[in-house]
Amino acid sequence: MKKLLRYKDYLGTVEYSLNDKVFFGEVLGIKSLLSYQGNTIEELEEDFKETVEDYLEFCKRKKWEPEKN
């Protein structure tokens, strides 16, 4: 299993909670806290991509320059 996810120049962690039985992670290299989760690796990857897209759309609406890794 790869240790980092990559999408549009953003990197994200891959972790697993034994207590919750869920995969989770956060986007690295930016000040904003962007987290995501999924019950499977596929769900985790999809939520990671959606989180990045939501962040980019939010920055666009606010007319802010998005942070980059």
Side-chain angles (χ1 to χ4, degrees):
M1 177 168 62
K2 53 186 170 175
K3 297 182 184 204
L4 293 177
L5 300 174
R6 180 182 299 272
Y7 181 69
K8 291 192 173 182
D9 296 327
Y10 290 91
L11 296 174
T13 61
V14 175
E15 301 186 51
Y16 186 73
S17 169
L18 290 172
N19 292 335
D20 299 323
K21 297 186 179 5
V22 67
F23 292 97
F24 66 97
E26 66 181 60
V27 177
L28 298 174
I30 62 175
K31 293 176 187 171
S32 300
L33 176 59
L34 303 178
S35 62
Y36 44 89
Q37 68 178 32
N39 292 318
T40 66
I41 290 295
E42 291 80 12
E43 287 180 9
L44 181 75
E45 289 177 320
E46 185 61 31
D47 198 40
F48 169 64
K49 290 176 183 178
E50 288 175 11
T51 298
V52 170
E53 289 295 340
D54 289 347
Y55 170 69
L56 294 173
E57 183 60 33
F58 176 78
C59 289
K60 184 178 178 181
R61 281 194 318 269
K62 294 288 188 178
K63 299 183 187 324
W64 294 347
E65 185 68 31
E67 297 176 70
K68 303 252 175 150
N69 299 96

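When reading the values below, keep in mind they use all heavy atoms of this one structure, side chains included, and skip hydrogens, waters and symmetry mates.
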Would you say Tyr7's side chain and Glu50's backbone share a donor-acceptor pair under 3.5 angstrom?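 Not a single qualifying donor-acceptor pair exists.
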Okay, side chain of Thr13, backbone of Glu26: is any donor-acceptor separation there less than 3.5 Å?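 Here the side-chain-to-backbone pair exists.
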First locate atom OG1 of Thr40, then atom CD of Glu46, and finally report the distance between them rounded to the nearest 0.5 Å.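 Nearest 0.5 Å value for the OG1-CD distance: 10.0 Å.
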Got a second to check how far Leu11's CG is from Lys3's NZ, nearest 0.5 Å?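 With rounding to 0.5 Å, CG (Leu11) is 14.5 Å from NZ (Lys3).
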Kindly indicate, with the supporting measurements, whether the criterion side-chain contact (heavy atoms from CB on, under 4.5 Å) is fulfilled by Tyr10 and Ile30. CA-CA 9 Å; Tyr10 290 91; Ile30 62 175; 4.3 Å; yes
Testing the basics here: between [X] and [Y], what is the closest heavy-atom pair and its distance to 0.1 Å?
| X | Y | answer |
| --- | --- | --- |
| Lys21 | Asn39 | O-OD1, 4.3 Å |
| Gln37 | Asp47 | N-OD2, 2.9 Å |
| Glu67 | Ser32 | OE2-OG, 3.1 Å |
| Leu44 | Gly25 | CD1-N, 4.3 Å |

Is there a path of hydrophobic side-chain contacts, each under 4.5 Å between heavy atoms of I, L, V, M, F, W or Y residues, that connects [X] with [Y]?
| X | Y | result |
| --- | --- | --- |
| Leu34 | Phe23 | yes |
| Tyr36 | Val14 | yes |
| Val22 | Phe48 | no |

Dump the intermediate steps for side-chain contact (heavy atoms from CB on, under 4.5 Å) on Ser17 and Phe24, then the final yes or no. CA-CA 8 Å; Ser17 169; Phe24 66 97; 4.0 Å; yes
Side-chain contact test, heavy atoms from C-beta onward, threshold under 4.5 Å: evaluate it for Asp54 versus Phe58 and give yes or no.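 Not touching, per the 4.5 Å side-chain cut-off.
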